[in-house]
Amino acid sequence: MNEINNSGLFEIKFKSYLIGFILSVFLTLFSYILVVRKVFSADKTILIIVITALVQFSLQLIFFLHINKKAKKSWQLSALIFMIIVVFILVFGSIWIMYNLNRRMMPTNAQVNNYLKSQGGGGI
Amino acid sequence: MSKVSFIQEEMAQRNEKAVIGFWIYLMTDCVLFASLFATYAVLHKNTYGGPGSKDIFNLPYVLVETLILLTSSFSAGIATYSAYLYKKAQTVIFLIITIVLGLTFLIMELSEFSHLIRIGDSFRRSGFLSSYFALVGTHGMHILFGLIALSVLVCQIMIKGLNRNVLRRINLISMFWHFLDVVWIFIFTIVYLMGVIK
């Protein structure tokens, strides 16, 4: 029986689903209440809900998708880590580049006009 | 080793290969969602005079959607568990619960979309709304295909019973369903909750 239990297919347990489900519901409600009740300032709330989301992400990976350190599943873990790196580069790279570009953009005619008027001169 | 456990062992090995392939697919799907998230992050302030995220999101409604999807993910897990115990009726019941909850989620999402389009805030309105519809719509489309797959699976269980091919499919589809729930965590947090804070 031990061989079967280690083969990666039959280790699925009802308990792990239940724990994962209850914790996920709890974390979802937690971040929802934090946002709706405005317990903390905006910046703090964002930090806390992002951390909560990451915790829930790892909980669901462990309890629902059964990612663990077993040797046979190491390819699964390495694909996951590779994916996380790619996603990180894609999302944060885009945000980094685009926010910089926004700041370095040439002003539009309307913006130049408004600026000139605010300085007391006529428009273009 | 008895004959039954030998068959189970062989099944586990076949299953392993299918899981590898499917997992690689899920990881590449993550890249698709990541690029949509990046688009959203870049465009979410470009409202072009239209409504911002604060004006259009109805948080209690989204919370209900989230909990429905979470419950359906849980019941998909229970269905897989019952399948491995060879409880056919229980598997079918939990898969049908998953389908009903998934369908409820999809209908809620579509009614939210149609409401936005009716009041003139469709994806044509601004960069923000385009990226919002693209991101949440892609997730919804995955849900739709998942629902189709689940329905086909229920028919297969009814007709063929819980043979090893069907068992493998149950495992893969429940992985897909859990994956969609994982993606929704980030949509819920980044699009909805953070959209309302700012």
Side-chain angles (χ1 to χ4, degrees), chain A residues 1 3-4 6-10 12-14 16-18 20-22 24-25 27-29 31-32 34-36 38 42-43 45-46 49-50 52-54 56-57 60-61 63-67 72-73 75-76 79-80 82-84 86-95 97-99 101-102, chain B residues 1 5 8-9 11-13 15-16 19-20 23-24 26-31 33-35 37-39 41-43 45 59-60 62-63 66-67 70-71 73-78 80-85 167-168 171 174-175 177-179 181-182 185-186 188-190 192-194 196-198:
Chain A
M1 270 318 271
E3 285 173 39
I4 295 162
N6 289 334
S7 64
L9 174 59
F10 293 91
I12 297 163
K13 291 188 185 70
F14 175 76
S16 96
Y17 281 114
L18 196 66
F21 177 64
I22 290 169
S24 301
V25 169
L27 288 174
T28 306
L29 289 174
S31 44
Y32 174 79
L34 218 59
V35 170
V36 172
K38 293 181 178 147
D43 288 345
T45 314
I46 287 175
I49 61 173
V50 167
T52 314
L54 290 176
Q56 202 183 336
F57 168 67
Q60 292 209 2
L61 283 183
F63 289 116
F64 284 180
L65 286 163
H66 310 289
I67 307 292
K72 273 197 171 179
K73 289 206 163 186
W75 50 264
Q76 216 174 2
L80 180 74
F82 178 66
M83 183 278 294
I84 289 173
V86 170
V87 166
F88 183 82
I89 293 170
L90 199 58
V91 174
F92 286 89
S94 307
I95 292 172
I97 291 169
M98 293 311 288
Y99 275 60
L101 273 184
N102 255 346
Chain B
M1 197 188 278
S5 61
Q8 285 178 338
E9 175 74 6
M11 246 173 63
Q13 279 177 2
N15 208 65
E16 192 91 4
V19 170
I20 294 176
W23 184 257
I24 301 294
L26 289 182
M27 293 302 102
T28 48
D29 220 15
C30 276
V31 177
F33 279 110
S35 43
F37 268 113
T39 316
V42 168
L43 290 178
K45 280 179 183 160
L59 264 197
V62 178
L63 180 70
T66 308
L67 292 178
L70 195 56
T71 315
S73 183
F74 176 60
S75 79
I78 300 299
T80 321
Y81 173 72
S82 331
Y84 287 138
L85 297 177
L167 269 180
R168 192 187 60 226
N171 191 26
S174 83
M175 268 172 77
W177 206 254
H178 295 321
F179 165 75
D181 194 36
V182 168
I185 299 171
F186 291 101
F188 179 64
T189 305
I190 292 171
Y192 290 103
L193 290 181
M194 278 164 68
V196 171
I197 291 171
K198 278 173 187 167

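The chains referred to below are lettered A, B, ... by the order of the sequence lines, with proteins before strands, and numbering in each begins at 1. Being a predicted model, the structure only gives us computed values, none of them experimental.
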| field | Among B/Val182, B/Ile185, B/Asp181, side-chain contact (heavy atoms from CB on, under 4.5 Å) partner for A/Gln56 | value | B/Ile185
| request: Taking the side chain as every heavy atom from C-beta outward, state whether A/Trp75 and B/Val19 have any pair of such atoms under 4.5 Å apart. | output: yes
| request: Apply side-chain contact (heavy atoms from CB on, under 4.5 Å) to the pair A/Met83 and B/Trp23, showing each step before the final yes or no. | output: CA-CA 11 Å; A/Met83 183 278 294; B/Trp23 184 257; over 6 Å; no
| note | To the nearest 0.5 Å, atom CG of B/Leu193 lies from atom OH of A/Tyr32 at 9.0 Å
| Would you say the side chain of B/Leu63 lies within less than 4.5 Å of the side chain of A/Leu29, judging by non-hydrogen atoms? | yes
| note | Given B/Leu67, B/Thr71, B/Thr28, the one with more heavy-atom pairs under 4.5 angstrom with chain A than any other is B/Thr71
| note | CD1 (A/Ile46) and OG1 (B/Thr189) are apart, to the nearest 0.5 Å, by 11.5 Å
| request: Among A/Val87, A/Leu54, A/Leu27, A/Ile97, single out the residue with the greatest number of heavy-atom pairs under 4.5 Å to chain B. | output: A/Val87
| Is there side-chain contact between B/Met27 and A/Val86, with heavy atoms separated by less than 4.5 Å? | no
| remark: Comparing A/Thr52, A/Thr28, A/Val50, A/Ile95 against chain B, the one with the most heavy-atom pairs below 4.5 Å turns out to be A/Thr28
| field | B/Leu26 vs A/Gln76 side-chain heavy atoms within contact, under 4.5 Å | value | no
| request: Apply side chain to side chain donor-acceptor pair (under 3.5 Å) to B/Tyr192 and list each qualifying residue two or more places apart in sequence or on a separate chain. | output: B/Tyr132
| said: Only pairs of heavy atoms separated by less than 4.5 Å count here; which of A/Gln60, A/Lys38, A/Met98 has the most with chain B? | reply: A/Gln60
| Taking A/Leu34, A/Val36, A/Ile49, A/Thr45 one by one, which has the highest count of heavy-atom pairs under 4.5 Å against chain B? | A/Ile49
| task | Evaluate the ring planes of A/Tyr17 and B/Phe74, with Trp represented by its six-membered ring, and classify them as parallel (under 30°), tilted (30 to 60°) or perpendicular (over 60°). | result | perpendicular
